[in-house]
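Every value quoted in this text rests on a predicted model; they were computed, and no experiment measured them. Just so you know, ligand 1 is whichever comes first in the structure, and atom 1 is the first atom listed for that ligand. Starting from 1, each residue takes its place in the sequence as its number.
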Amino acid sequence: MSARLAVIGDPIEHSKSPAIHAAFGQQCGIDLDYQKIQVAPAALTDFLDQFFSSGGRGLNVTVPHKEAAYQWVKQHAPAARVAGACNTLIAPADGSSDAVVGDNTDGAGLVLDLKRLGVKLTDARVLMLGAGGAARGAMGPLLAEGPAMVSVFNRTQSRAQALTEQCGGRVWTPGDAAFDLVIGATSAGLSGQAVNVPSGAISANTLVYDMMYGAEPTALMQAAIAAGAGQVEDGLGMLVGQAAEAFERWFGVLPDSAPVLAQLRRAS
Ligand code: ATR
């Protein structure tokens, strides 16, 4: 029988997750039935109870349900605990919904994608733009790679302070030299606004990686090119990376992201 999986969100119609997981299943020879399901916030708890009590194997969770899913699960993987949010739910072998594990693979997916790009994180100087949920999810997995520093720059400095106190790293200070890697983790691009990058942060040796993606280079990527960044990348690879990490949590095998990413690029 195929493993029953889904991504839930509201809205959900544009999700690429079904295509990504179908490709992973094919690659790994695992038979799965992966749907996308729109779930309104008020219906979330009933949906989760029903999905797992009827034998669902796992879920991906996207906006706006990541925090509520965290509240619903009773068992949290460490990355979910740090983020306070879950993007992946994993059913236990015995089918009891009390034992569903909530994880967060966004940060691991980012690191996986950076490695695909050949980024050496050990001893790297990293600047995180943003101090919200996306930045929070990335801090632990990034710091685990042993960078020289992760500085956090945020429009509201008190949130940068709070994030570094909880998750490690340090707040950006004027006079910081250029960084090896700058990561865009704000929601500024969603409203078409350009995010402010501190002056001096970007040099010709800097890779600027935006967690956002789209058919065109994002506002941050364009600003980074104008500022002389050596390389810019969007977050489509992170999307595939977080999916690969979720697949690994469900089936114990980490699929190869590269061909699936290439397939998505061709389709967009
Ligand atoms: P997410 O889960 O996407 O991280 P969030 O928790 O609401 O969402 O955080 C949004 C992040 O984007 C914050 O760091 C926010 O900065 P503030 O803490 O100052 O609000 C940042 N952000 C949103 N719009 C921005 C803009 N126009 N310029 C700079 N930063 C922006």
Side-chain angles (χ1 to χ4, degrees), residues 7-12 14-17 41 44 60-71 76 79-88 102-111 113 126-143 150-174 176 179 181-202 208-214 217-224 226-227 232 234-239 241-242 246:
V7 58
I8 57 168
D10 188 16
I12 199 63
H14 298 299
S15 174
K16 299 182 194 302
S17 292
L44 181 68
N60 284 133
V61 180
T62 188
V63 180
H65 298 317
K66 291 185 182 186
E67 287 81 12
Y70 179 88
Q71 300 299 331
H76 302 98
R81 218 171 290 126
V82 173
C86 294
N87 77 335
T88 303
D103 204 339
N104 193 314
T105 65
D106 286 330
L110 169 67
V111 168
D113 198 43
V126 182
L127 178 65
M128 177 73 72
L129 301 174
R136 180 173 298 270
M139 288 300 281
L142 277 175
L143 286 164
V150 179
S151 285
V152 178
F153 178 82
N154 192 48
R155 178 175 62 181
T156 310
Q157 209 196 344
S158 57
R159 290 186 82 195
Q161 189 74 44
L163 178 67
T164 55
E165 275 163 20
Q166 201 200 343
C167 300
R170 61 192 275 285
V171 177
W172 177 86
T173 50
D176 270 1
F179 292 85
L181 173 65
V182 173
I183 298 172
T186 76
S187 53
L190 290 177
S191 45
Q193 289 171 295
V195 61
N196 184 20
V197 181
S199 69
I202 292 177
V208 177
Y209 187 104
D210 196 352
M211 291 190 185
M212 299 272 166
Y213 59 86
T218 66
L220 173 60
M221 290 164 73
Q222 293 180 35
V232 297
D234 73 11
L236 190 62
M238 177 178 169
L239 176 76
Q242 63 76 32

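Checking side-chain atoms of Asn60 against main-chain N and O of Asn87 turns up a donor-acceptor pair under 3.5 Å. Between the Thr105 side chain and the Ala108 main chain, no donor and acceptor come within less than 3.5 Å of each other. Looking only at distances, a side-chain donor or acceptor of Asn104 sits under 3.5 Å from a matching main-chain atom of Ala85.
Atom 9 (O) of ligand 1 has as its closest protein heavy atom Gly132 CA, 3.4 Å. In terms of protein heavy atoms, atom 27 (N) of ligand 1 is closest to Gln193 OE1, 3.2 Å. In terms of protein heavy atoms, atom 17 (P) of ligand 1 is closest to Thr156 OG1, 3.4 Å. Of all protein heavy atoms, the one closest to atom 8 (O) of ligand 1 is Gly133 N, 4.2 Å.
The shell of residues lying under 4.0 angstrom from ligand 1, judged by heavy atoms, includes Asn154.
Residue Gly130 approaches ligand 1 through these ligand atoms, each under 4.0 Å from one of its heavy atoms: 14 (O). The ligand atoms of ligand 1 that sit less than 4.0 angstrom from a heavy atom of Ala188 are 23 (C), 24 (N), 25 (C), 26 (C), 27 (N), 28 (N). Every atom of ligand 1 with a heavy atom of Ala134 under 4.0 Å away is listed here by number and element: 1 (P), 2 (O), 4 (O).
Applying the ring pair (Phe, Tyr, Trp, His ring centres under 6.0 Å) test to Tyr209 and every residue at least two apart in sequence or in another chain returns nothing.
Contacts between Thr186 and ligand 1 below 4.0 angstrom, taking non-hydrogen atoms only, involve backbone and side chain alike. If you look at Arg155 next to ligand 1, the close heavy atoms, those under 4.0 Å, come from the backbone and the side chain alike.
The list of salt bridge (charged side-chain N to carboxylate O under 4.0 Å, His left out) pairs with a residue in residues 187-202, not counting sequence neighbours, is empty.
Residue Arg159 holds the heavy atom nearest to atom 18 (O) of ligand 1 of all those in Lys66, Arg159, Met212. The heavy atom nearest to atom 10 (C) of ligand 1, out of those in Ser187, Ala131, Ala135, Ser158, is found in Ser187.
Using modelled atom types, one finds a donor on one side chain and an acceptor on the other under 3.5 Å when comparing Arg170 with Ser151. Under the 3.5 Å distance criterion, with hydrogens and angles disregarded, no donor-acceptor pair is assigned to the side chains of Glu67 and Gln71.
Of all the heavy atoms in Ala79 and Asp103, the pair that sits closest is CB-OD1, 3.9 Å.
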